[in-house]
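Down below is the structure, laid out as structure tokens.
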Amino acid sequence: EAAKMQAHKNRGNTFANLLYLIGKKADEVGKLPNGTVADETTGFIKLVVEASADGSAEECVKKPEELLAMVLERCKELAENHVGGKVGPTVLTVPLVLTPEQRVLVAAAGQSIGLDILQVMSEPTAVAISYDCDAPPAAQVVVEEEKAEEGAAAAAE
């Protein structure tokens with residue numbers, strides 16, 4: 001709820017679908033979202049972060065993975081406050097449609113803020129693995145992932 005309110009107050013610095021923009025060139029995305037520009041030399045997407053209203057920060061251009069690192073850092077702080085200690089080895093979950101190159105960039109963003117990334121796995125796989133964790137060892141979960149045209153589908157059998 002707080003994020004939705006912030007999006008209305010600070011529309012220029014609100015970026016949606018950040019994970020999908022990581023490691024993509026402008027011509028791969030089609031119509032660029034507001035606040036998004038193509039790097040003139042490489043063609044990769046960059047995000048324009050507007051100056052703050054109080055003048056404490058100037059306008060700057062950042063890569064999507066830099067903003068992701070900021071989000072992950074905030075998540076790390078919240079987790080450490082919740083458990084009352086340091087965050088240990090971490091598994092990050094990402095949407096199924098992310099490419100292996102994008103997953104490497106996500107892991108790099110996590111490592112840049114000091115997370116010990118064990119693995120970056122798709123969300124459907126994480127759900128299937130965590131499903132019925134209390135089941136006896138003889139139980140077996142098989143995850144089959146397919147990429148669909150309009151998104152991703154996963155089936156657990």
Side-chain angles (χ1 to χ4, degrees), residues 1-4 6-7 10 13-39 41-49 60-137 139-157:
E1 192 63 33
K4 288 180 184 177
Q6 181 65 23
N10 192 2
N13 286 334
T14 302
F15 302 100
N17 300 320
L18 187 61
L19 281 173
Y20 297 103
L21 298 177
I22 289 177
K24 292 225 175 163
K25 292 192 175 187
D27 59 356
E28 295 176 81
V29 175
K31 184 179 180 221
L32 293 176
N34 286 344
T36 308
V37 295
D39 186 295
T41 56
T42 63
F44 284 102
I45 292 176
K46 292 202 169 188
L47 303 164
V48 179
V49 180
C60 62
V61 178
K62 294 193 176 284
K63 296 178 183 177
E65 45 270 29
E66 291 173 317
L67 289 179
L68 176 61
M70 293 168 65
V71 170
L72 289 174
E73 189 167 33
R74 178 67 178 139
C75 291
K76 178 183 172 188
E77 289 171 10
L78 291 171
E80 287 175 344
N81 290 339
H82 181 72
V83 299
K86 294 286 182 191
V87 172
T90 308
V91 174
L92 295 177
T93 61
V94 296
L96 177 64
V97 296
L98 261 57
T99 66
E101 294 81 15
Q102 288 174 305
R103 292 172 191 235
V104 168
L105 291 171
V106 168
Q111 290 168 343
S112 73
I113 60 148
L115 286 175
D116 178 17
I117 306 296
L118 293 178
Q119 186 172 4
V120 177
M121 70 170 50
S122 69
E123 292 162 345
T125 302
V127 168
I129 289 171
S130 66
Y131 177 76
D132 207 14
C133 282
D134 298 332
Q140 199 172 34
V141 176
V142 177
V143 179
E144 189 176 310
E145 295 181 355
E146 297 177 24
K147 290 187 180 179
E149 285 184 25
E150 290 296 319
E157 296 179 44

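Values below: every heavy atom of this structure, side chains too, minus hydrogens, waters and symmetry copies.
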Sorted by chain and number, sequence neighbours left out, side-chain contact (heavy atoms from CB on, under 4.5 Å) with Thr41 holds for Asp39
Quick one: list whatever passes side-chain contact (heavy atoms from CB on, under 4.5 Å) with Lys24, sequence neighbours left out. Glu28, Val29, Ile45, Gln102
Which atoms form the tightest heavy-atom contact between Leu105 and Gly23, and what is the distance? CD1-CA, 3.5 Å
Atom pairs and distances, donor-acceptor, side-chain atoms in residues 65-94, under 3.5 Å, two or more places apart:
{"unit_1": "Glu66", "atom_1": "OE1", "unit_2": "Lys63", "atom_2": "N", "d": "2.7"}
{"unit_1": "Lys76", "atom_1": "NZ", "unit_2": "Ile113", "atom_2": "O", "d": "3.2"}
{"unit_1": "Asn81", "atom_1": "ND2", "unit_2": "Glu77", "atom_2": "O", "d": "3.4"}
{"unit_1": "Thr90", "atom_1": "OG1", "unit_2": "Gly88", "atom_2": "O", "d": "3.0"}

Of the non-hydrogen atoms in Leu96 and Arg103, which two are nearest, and what is the gap between them? O-NH2, 3.3 Å
Val61 and Lys46: which non-hydrogen atoms are nearest, and at how many Å? CG1-CB, 3.4 Å
